[in-house]
Amino acid sequence: MSETRATGPERDTGAETTAARRSGTVPEQTAREPAADPAAEADGGPPPVPLLEPREGVPPVITDDAELERVIAAFAAGAGPVAVDAERASGYRYGQRAYLIQLRRAGAGTALIDPIALPDLSGLDAAIADAELVLHAANQDLPCLAEVGLIPRRLFDTELAGRLLGYPRVGLGSMVENVLGFVLEKGHSAADWSTRPLPEDWLRYAALDVELLVELRDALQNELEAAGKLEWALEEFAAILTTPPKPPRADPWRRTSGIHRVRNRRALATVREIWEARDKIARERDLSPGRVLQDAAIIELAQRAPRTPADLQALPTMRGRGARRHQSAWLRAVARARDLTDRGLPEPTVPGDGPPPAHRWADRDPEAAKRLTAARAVVAALADEHSMPSENLIQPDSVRRLAWTPPPEASASAVAATLRDLGARRWQIELTAQPLARAFHRLECKGDL
């Protein structure tokens, strides 16, 4: 926990803040004020303020080109960073496309845009190309924003900033409450945002998500600077923008929940065939795959391999109307797996491009296991020293790869080069390379390697 956050000044308790508390709205001049110290609240200080209404009210949803042009002009004339959020329909629709995009900028107010009606926002992107975009958990929203042409050149991620500062809870609601002292509504985060028309209370929730995002960004930047972590954060934000997306997983069906219970290759083939049939149906109907057929049903079909509709309908996981709607597709998938030759059956496991699971290291390579134990202890101590999660100090996968295939010599420069090749940022290397090299060198000197 940073000193700024632990000992920050209390909020103004003047007339405008009092009025804000009564109404649940946020006057511009009080939005940047930090939350009161928890100890002060325990001594009778002001509690967090419920944020009930956007400053300018709930804006209409932008659905046509003329309205969009007015938004583009307003945001081009605005000043400072642009707060951005996107609402998807995870669990309801296929894929991760955006169904509502929220933006806010000083001088422009808040805009709610329907990206289904307006799938090309490249004009808006050009209007704000020079602005820093502020997102919370940017990696979640950047892909769906890119689909409609919104691609930030500069970024501030308030969730990642919270992690670097050691906040124990980094959800947007927790950050707004702990940093700014306002309570956001939490009721519609898992809603089906493909619904049309969107209910008024959902739109209010969506507008409030960007209401204080720039104020949160400003407060966190001050904390990062006070903690000596601002340059670290800027490196992390730049890395988010420059890191290419991960390639598609080779065998996505292997992520079916419960697949560890499938014991033979033919049953694995059945999982694969049913998964692919489900995926095709889900894509065609624009439904979340789990709404077409749950993973538990895929596993049961693979284990039981039904041959007839009666066999299938007798299975406990197939009693729902949705699962039985496509029963002929499931039976055909089971039959395809049954008819495969042995050569066509999938292997139980697929070798990865990295080290084996860590629990196997003691048997496979005892020296690597000792290096991993030492490296994890170093990283944990450094993360504690700098008040941040270990995975933000250095990626766990990088630590595993370094321990499994260390450089020829246990020097700081050699470890730094390896970490650099693994994608670690400059600040991460500066903090970890020398301590990790020392730990490996001690193992060598003790004769443990």
Side-chain angles (χ1 to χ4, degrees), residues 72 75-76 78-88 95-98 101-106 108 111 113 115 119-165 167 170-172 175 209-210 213-225 227 229-248 388-389 391-398 419-432:
I72 291 173
F75 274 77
V82 179
V84 184
D85 191 21
E87 305 295 346
R88 300 180 298 277
Q96 294 296 315
R97 71 185 301 182
I101 293 174
Q102 310 99 280
L103 305 99
R104 182 173 180 83
R105 191 179 198 185
I113 300 176
D120 182 5
L121 299 182
S122 56
L124 176 59
D125 179 73
I128 59 176
D130 294 335
E132 177 189 80
L133 269 56
V134 184
L135 290 93
H136 192 82
N139 281 327
Q140 295 181 17
D141 288 339
L142 287 178
C144 68
L145 293 174
E147 286 181 3
V148 296
L150 286 175
I151 303 171
R153 284 73 170 173
R154 291 188 293 135
L155 173 71
F156 192 104
D157 186 332
T158 50
E159 186 209 43
L160 183 49
R163 290 181 180 278
L164 295 177
L165 287 166
Y167 279 88
V170 292
L172 179 59
M175 293 297 293
D209 265 3
V210 292
L213 204 50
V214 172
E215 286 82 358
L216 178 61
R217 170 239 182 269
D218 291 346
L220 291 174
Q221 175 165 303
N222 289 338
E223 291 197 25
L224 287 166
E225 194 162 16
K229 297 179 177 180
L230 182 56
E231 290 303 316
W232 304 356
L234 295 177
E235 281 192 56
E236 291 300 294
F237 302 157
I240 291 173
L241 296 180
T242 57
T243 301
K246 291 182 179 180
M388 70 176 69
E391 63 267 23
N392 291 112
L393 176 66
I394 192 79
Q395 283 291 316
D397 183 63
S398 297
L419 291 176
R420 192 175 299 112
D421 291 343
L422 291 170
R425 263 70 74 189
R426 178 183 55 82
W427 71 273
Q428 296 175 320
I429 294 169
E430 288 177 353
L431 288 179
T432 62

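Computed from a predicted model, the values in this text were never measured in an experiment.
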A.B. asks: Give the minimum heavy-atom separation between Gln221 and Leu230, together with the two atoms involved.
C.D. replies: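 Minimum heavy-atom contact is CG-CD1, 4.0 Å.
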
A.B. asks: Give me the atom names and distance for the closest heavy-atom approach of Leu220 to Thr158.
C.D. replies: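 So the minimum-distance heavy-atom pair works out to CD1-O, 3.6 Å.
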
A.B. asks: With sequence neighbours left out, which residue pairs that include part of residues 133-145 fulfil the salt bridge (Lys or Arg N to Asp or Glu O under 4.0 Å) condition?
C.D. replies: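 Matches after skipping sequence neighbours: Arg88-Asp141.
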
A.B. asks: Evaluate Tyr167 against Met175 for side chain to side chain contact (heavy atoms under 4.5 Å, CB included), listing each step before the verdict.
C.D. replies: CA-CA 8 Å; Tyr167 279 88; Met175 293 297 293; 3.9 Å; yes

A.B. asks: Among residues at least two apart in sequence or on other chains, which ones pass side-chain hydrogen bond (donor to acceptor under 3.5 Å, both in side chains) with Glu430?
C.D. replies: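 With sequence neighbours excluded, Glu430 shows a side-chain hydrogen bond (donor to acceptor under 3.5 Å, both in side chains) to Arg426, given in chain and number order.
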
A.B. asks: Answer yes or no: is there a donor N or O on one side and an acceptor on the other, between the side chain of Arg105 and the main chain of Gly80, under 3.5 Å?
C.D. replies: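 Present.
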
A.B. asks: How long is the straight-line distance from CG of Leu216 back to CG of Leu172, given to the nearest 0.5 Å?
C.D. replies: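 Nearest 0.5 Å value for the CG-CG distance: 7.0 Å.
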
A.B. asks: Between Leu419 and Gln428, is the side chain to side chain contact (heavy atoms under 4.5 Å, CB included) condition met? List the steps.
C.D. replies: CA-CA 9 Å; Leu419 291 176; Gln428 296 175 320; over 6 Å; no

A.B. asks: Using 0.5 Å steps for rounding, measure from the CG atom of Asp218 to the CZ atom of Phe156.
C.D. replies: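 Rounded to the nearest 0.5 Å, the CG-CZ separation comes out at 8.0 Å.
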
A.B. asks: Determine the minimum heavy-atom distance between Ala233 and Leu164, stating which atoms define it.
C.D. replies: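 Nearest heavy atoms, Ala233 then Leu164: CA-CD1, 3.6 Å.
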
A.B. asks: Once salt bridge (Lys or Arg N to Asp or Glu O under 4.0 Å) is applied, do any residues pair with Arg97, and if so which ones, sequence neighbours excluded?
C.D. replies: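 Here no residue qualifies.
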
A.B. asks: Which pairs pass salt bridge (Lys or Arg N to Asp or Glu O under 4.0 Å) with one or both residues in residues 236-247, sequence neighbours excluded?
C.D. replies: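 Matches after skipping sequence neighbours: Glu236-Arg425.
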
A.B. asks: How long is the straight-line distance from CH2 of Trp427 back to CD1 of Ile429, given to the nearest 0.5 Å?
C.D. replies: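 Going from CD1 on Ile429 over to CH2 on Trp427, the span is 11.0 Å.
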
A.B. asks: Are Asn139 and Ile240 close enough, and set up right, to give a side chain to side chain contact (heavy atoms under 4.5 Å, CB included), and what steps lead you there?
C.D. replies: CA-CA 7 Å; Asn139 281 327; Ile240 291 173; 3.5 Å; yes

A.B. asks: How close do Lys229 and Leu165 get, counting heavy atoms only, and between which atoms?
C.D. replies: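 Between these two residues, the closest heavy atoms are NZ-CA, 4.2 Å.
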
A.B. asks: Looking only at heavy atoms, which two atoms of Leu422 and Ser398 are closest? And how far apart?
C.D. replies: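 Scanning both residues, the minimum pair turns out to be CD1-O, 3.6 Å.
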
A.B. asks: Quick one: pull up CG in Asp209 and CZ in Arg104 and give me the separation to the nearest 0.5 Å.
C.D. replies: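 Those atoms lie 12.5 Å apart.
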
A.B. asks: Checking Val210 against Val134 for the side chain to side chain contact (heavy atoms under 4.5 Å, CB included) test, could you report, in this order, the C-alpha distance in whole Å, the side-chain angles of both residues, the deciding distance, and whether it holds?
C.D. replies: CA-CA 9 Å; Val210 292; Val134 184; over 6 Å; no

A.B. asks: Taking side chain as C-beta onward, heavy atoms only, is Leu213 less than 4.5 Å from Val84?
C.D. replies: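 Answer no - side chains too far apart.
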
A.B. asks: Regarding Gln140 and Gln96, is there a side-chain donor-to-acceptor distance under 3.5 Å anywhere?
C.D. replies: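 Their side chains do not contain a donor-acceptor pair, so the 3.5 Å distance test is not met.
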
A.B. asks: Nearest 0.5 Å, what's the CG-CG distance between Leu150 and Leu135?
C.D. replies: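 With rounding to 0.5 Å, CG (Leu150) is 9.5 Å from CG (Leu135).
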
A.B. asks: According to ring pair (Phe, Tyr, Trp, His ring centres under 6.0 Å), who are the partners of Phe75, at least two apart in sequence or on a separate chain?
C.D. replies: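 None.
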
A.B. asks: Can you give me the closest heavy-atom contact between Val170 and His136, atom names plus distance?
C.D. replies: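 It is O-NE2, 2.7 Å.
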
A.B. asks: For a quick test of your reading: what N or O donor-acceptor pairs under 3.5 Å do the side chains of residues 121-132 make, sequence neighbours left out?
C.D. replies:
unit_1: Ser122; atom_1: OG; unit_2: Asp120; atom_2: OD1; d: 2.7
unit_1: Asp125; atom_1: OD1; unit_2: Ile151; atom_2: N; d: 2.9
unit_1: Asp125; atom_1: OD1; unit_2: Arg153; atom_2: NH1; d: 2.8
unit_1: Asp125; atom_1: OD2; unit_2: Arg153; atom_2: NH1; d: 2.9
unit_1: Asp125; atom_1: OD2; unit_2: Arg153; atom_2: NH2; d: 3.0
unit_1: Glu132; atom_1: OE1; unit_2: Arg217; atom_2: NE; d: 2.5
unit_1: Glu132; atom_1: OE1; unit_2: Arg217; atom_2: NH2; d: 3.2
unit_1: Glu132; atom_1: OE2; unit_2: Arg217; atom_2: NH2; d: 3.4

A.B. asks: Can you check whether Leu133 reaches Leu145 side chain to side chain, under 4.5 Å on heavy atoms?
C.D. replies: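 Counting from C-beta outward, Leu133 and Leu145 never come under 4.5 Å.
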
